[in-house]
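I have placed the structure first, in the form of structure tokens, so that the comments after it can refer back to it.
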Amino acid sequence: MEKKYKTGNLRSALWLLSLTTVLFSPVVSSIDDKCAACKAVAVELEIGLSNEKPKNDLDMRYRLNSKGQREGKVIDYRVSELRVVDLLDGLCDKMQDYTLEELDSGKEGWIKVRDWDSLKTDKQAAKAHSKAISTFCGRLLEETEDELSERIKVGSIQVGGVSKVLCQDLTKYCISVGNSKRIDDGEL
């Protein structure tokens with residue numbers, strides 16, 4: 001009987017410890033303005049689209065039939081899954097170059113940092129914002145991956161239109177324009 005009493009106390013103590021950890025631990029770098037963060041991700045995806053080099057079609061004719069002729073198909077690179085992977089792979093890692101900084105207008109905005117030493121703000125806080133937007137990017141891509149991939153493959157995502165597709169059509173983060181923070185296209 002004494003053993004059950006100790007096990008019950010241990011469970012209660014663990015439950016109480018986990019509850020207080022959740023309630024009293026500081027929230028780690030959450031994104032307040034999802035519209036501005038989404039637009040920053042869209043800017044980086046647009047950079048990827050604009051830097052895309054023309055690639056050859058994908059030759060998937062690897063098998064030979066009984067007559068010695070190659071079988072399979074040739075896939076246009078522009079509509080291939082490989083293109084989607086090339087565009088989206090590493091996108092969230094690139095978001096670690098962004099941080100939240102006060103702009104000339106007095107509002108905060110996401111900026112791409114070229115030189116972390118030239119930042120005017122607290123570098124530790126800037127790195128925390130950088131990690132937060134990278135994590136946000138991962139969640140954003142996870143939520144929209146299938147539809148975003150399909151839109152890239154069919155060509156409905158073009159340079160200049162990524163923000164609308166990603167932040168309005170797919171996620172609805174930027175539907176109400178009034179409270180959105182502006183993204184600064186400038187860099188440090």
Side-chain angles (χ1 to χ4, degrees), residues 18 20-53 83-153 155-188:
S18 62
T20 54
T21 302
V22 169
L23 291 176
F24 296 111
S25 65
V27 177
V28 179
S29 302
S30 64
I31 302 287
D32 292 329
D33 188 354
K34 290 181 178 17
C35 178
C38 183
K39 286 181 179 182
V41 173
V43 165
E44 197 60 40
L45 182 54
E46 282 201 19
I47 291 169
L49 281 169
S50 63
N51 291 339
E52 234 182 349
K53 307 255 186 288
R83 178 176 181 233
V84 173
V85 170
D86 287 345
L87 285 171
L88 299 182
D89 191 41
L91 178 66
C92 295
D93 290 337
K94 293 174 186 170
M95 295 311 298
Q96 290 184 12
D97 293 337
Y98 284 77
T99 191
L100 200 57
E101 189 170 272
E102 188 171 322
L103 304 173
D104 294 336
S105 63
K107 295 182 178 181
E108 287 186 326
W110 292 100
I111 58 163
K112 188 169 186 174
V113 179
R114 291 270 185 225
D115 180 15
W116 286 93
D117 294 328
S118 69
L119 278 179
K120 302 171 213 162
T121 60
D122 176 27
K123 294 195 185 7
Q124 187 175 7
K127 287 288 188 180
H129 290 304
S130 170
K131 188 171 184 150
I133 195 166
S134 180
T135 303
F136 173 82
C137 174
R139 284 193 314 266
L140 178 72
L141 291 183
E142 188 176 317
E143 291 170 7
T144 62
E145 182 177 14
D146 294 336
E147 200 167 347
L148 182 62
S149 297
E150 194 56 38
R151 289 187 184 208
I152 289 171
K153 286 193 271 186
S156 66
I157 294 185
Q158 303 290 327
V159 174
V162 176
S163 181
K164 181 190 178 310
V165 171
L166 186 61
C167 304
Q168 291 178 8
D169 300 343
L170 296 180
T171 64
K172 312 283 190 253
Y173 285 145
C174 296
I175 293 299
S176 62
V177 181
N179 292 336
S180 167
K181 293 179 185 173
R182 183 179 137 276
I183 181 171
D184 185 12
D185 292 331
E187 298 176 0
L188 284 180

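Numbering starts at 1 and runs along the sequence shown. Bear in mind that the values here come from a model prediction, so they are computed numbers and not experimental data.
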**Request:** May I ask you to check if the distance between the SG atoms of C167 and C174 is under 2.5 Å?
**Result:** no
**Asked** Could you give all pairs that pass the disulfide bond (SG atoms under 2.5 Å apart) test and reach residues 94-152, with sequence neighbours left out?
**Response** C92-C137
**Request:** Using modelled atom types only, decide if a donor and an acceptor are shared between the side chain of S130 and the backbone of A126 within a distance under 3.5 Å.
**Result:** no
**Request:** Could you grab the distance from atom OG of S134 to atom CZ of R139, nearest 0.5 Å is fine?
**Result:** 10.5 Å
**Prompt:** Where do I47 and Y98 come nearest, in terms of heavy atoms and distance?
**Reply:** CD1-OH, 4.4 Å
**Asked** Under the 3.5 angstrom rule, does the side chain of E46 hit a backbone N or O of V162 as a donor-acceptor pair?
**Response** yes
**Request:** Please identify each residue that fulfils salt bridge (charged side-chain N to carboxylate O under 4.0 Å, His left out) with E143, with sequence neighbours left out.
**Result:** none
**Request:** May I ask you to check whether over 12 heavy atoms, not counting those of D122, lie within 6.0 Å of atom CG?
**Result:** yes
**Request:** Would you indicate whether the side-chain heavy atoms of L88 and L148 approach each other to under 4.5 Å?
**Result:** yes
**Donor-acceptor pair, side chain of D89 and main chain of V85, under 3.5 angstrom** = no
**E108 side, atom CD; E101 side, atom CD - distance, nearest 0.5 Å** = 9.5 Å
**Fill in**
Residues at least two apart in sequence or cross-chain that pass salt bridge (charged side-chain N to carboxylate O under 4.0 Å, His left out) with E44, listed by chain then number, are K112
**Those residues that, when tested against K123, pass salt bridge (charged side-chain N to carboxylate O under 4.0 Å, His left out) (two or more places apart)** = none
**Request:** On the 0 to 90° scale, with breaks at 30° and 60°, tag the H129-W110 ring pair as parallel, tilted or perpendicular.
**Result:** perpendicular
**Request:** Can you measure from OG1 (T99) to NZ (K127) and round to the nearest 0.5 angstrom?
**Result:** 9.0 Å
**Request:** Provide the closest heavy-atom pair for V113 versus L119 in the form atom of the first, atom of the second, distance.
**Result:** CG2-CD2, 4.1 Å
**Message:** Could you tell me if the side chain of L140 sits less than 4.5 Å from the side chain of L166, heavy atoms only?
**Reply:** yes
**Asked** Would you say the ring centroid of Y173 lies under 6.0 angstrom from that of F136?
**Response** yes
**Request:** May I ask you to decide if S163's main-chain N or O and Q168's side chain share a donor-acceptor pair within less than 3.5 Å?
**Result:** no
**Item:** For D169, all residues meeting salt bridge (charged side-chain N to carboxylate O under 4.0 Å, His left out), sequence neighbours excluded
**Value:** R151, K164
**Nearest-0.5 Å distance, CG of residue L87 to NZ of residue K153** = 12.5 Å
**Prompt:** Do you know the tightest heavy-atom contact between T171 and C38?
**Reply:** OG1-SG, 4.1 Å
**Request:** Taking side-chain hydrogen bond (donor to acceptor under 3.5 Å, both in side chains) as the test, write out the residues that go with K94, two or more places apart.
**Result:** none
